[in-house]
Amino acid sequence: MYDIEKIYQAKDVPDAIAALAAAPDAVVICGGSDVLVKIREGKLAGCSLVSIHGLKELAGVRMEDDGTIVIGPATTFAHVTRDPIIERHLPALGAAVDQAGGPQLRNVGTIGGNVCNGVTSADSASTLLTLNALLELTGPDGRRTVPLCDFYRGPGKVDLAHGELLTAIRVAKADYEGFGGHYIKYAQRNAMDIATLGCAVHVKLDAEKRAVEELRLAFGVAAPTPVRCRAAEQAARGKAVSPELFDAVSEAAAGEVNPRTSWRASRAFRMQLVRELSRRALKQAIIHAGGAVTC
């Protein structure tokens, strides 16, 4: 049983915003894979819901004339993974969200919900960080755009005011063209589990495919929020693909993260994962970018 006071099905985005503005305690629901669990656990018992499920303007993936890829926040994980635009241009993102939960969750859970719940273990978050994703937020006062790296305010806290909705996730052409990407999720089980640590990499190589032109590295569960490793990225710039590159990135990343000890893993084990997964993900991303790894 779910203790819900009432539920309102919004007709469109303006209607959803108006409904939220009229009910200060109302909670947005779309796929429901997070919200319904919280209601069942009593954390949101007796709440009112505003449903944006089924709003076509919030679903799907499209490419704009300038090459910007726009992902609707109500797009399910399964649809993101199978979308032809994602498969061609953002395959690392498709692979990342295909590791969330199991098939049941991936067919109801949405990428927007995964971003907005603010949890550091979100499988989409670290990959979107390495794509310099921009979030389009729409509320009673209009639209604003927030870089994903500025969206996370703390554990479970995001820069989303009551009455605002995430209405688009945008990735510019310059942030994916020429890049190879890879995401590694380490968990206690191969499926149906949240990440003990997640590592995402996007890398662009030079014209000869022998050195790093640009690296982007991000982790989940390595800090209170998903985190980019800027020093490690800078350490890789201009370096040839070599053991020295992987050593430099691994050690720099370890100096930027702050994982905690939990029942899933100790801090020391997560630090070891940071070092090892950054190497493995970077090597695979280099291969996806057209380079060769022989070490």
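Worth knowing before you read on, the calculation uses all heavy atoms, side chains too, and leaves out hydrogens, waters and symmetry mates. Each residue takes its place number in the sequence, starting with 1.
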Supply the atom-to-atom distance [X] [atom1] to [Y] [atom2], rounded to the nearest 0.5 angstrom.
X	Y	atom1	atom2	result
Lys56	Leu58	NZ	CG	13.0 Å
Leu93	Leu131	CG	CG	6.5 Å
Asp159	Leu135	CG	CG	9.5 Å

Please examine the side chains of [Y] and [X], heavy atoms only from C-beta on, and report whether any two atoms are closer than 4.5 Å.
X	Y	answer
Thr196	Arg270	yes
Leu137	Leu160	yes
Asp25	Cys47	no

side-chain hydrogen bond (donor to acceptor under 3.5 Å, both in side chains) with Gln272: which residues, sequence neighbours excluded? none

Residue pairs passing the side chain to side chain donor-acceptor pair (under 3.5 Å) test with at least one member in residues 94-115, sequence neighbours excluded, are Asp98-Arg106, Asn114-Ser124

[X]: partners by side chain to side chain contact (heavy atoms under 4.5 Å, CB included), with sequence neighbours left out:
X	result
His89	Met63, Ile69, Ile85, Tyr176
Ala254	Met271, Arg275
Ala285	His182, Val201, Val203

Residues passing the salt bridge (Lys or Arg N to Asp or Glu O under 4.0 Å) test with Glu244, sequence neighbours excluded, are none

In plain terms, say whether Arg279 and Asp247 are close enough for a salt bridge, that is, a side-chain N and a carboxylate O under 4.0 Å apart. yes

Applying the side-chain contact (heavy atoms from CB on, under 4.5 Å) test to Leu44, which of Leu36, Ile4, Val37, Val35 qualifies? Val35

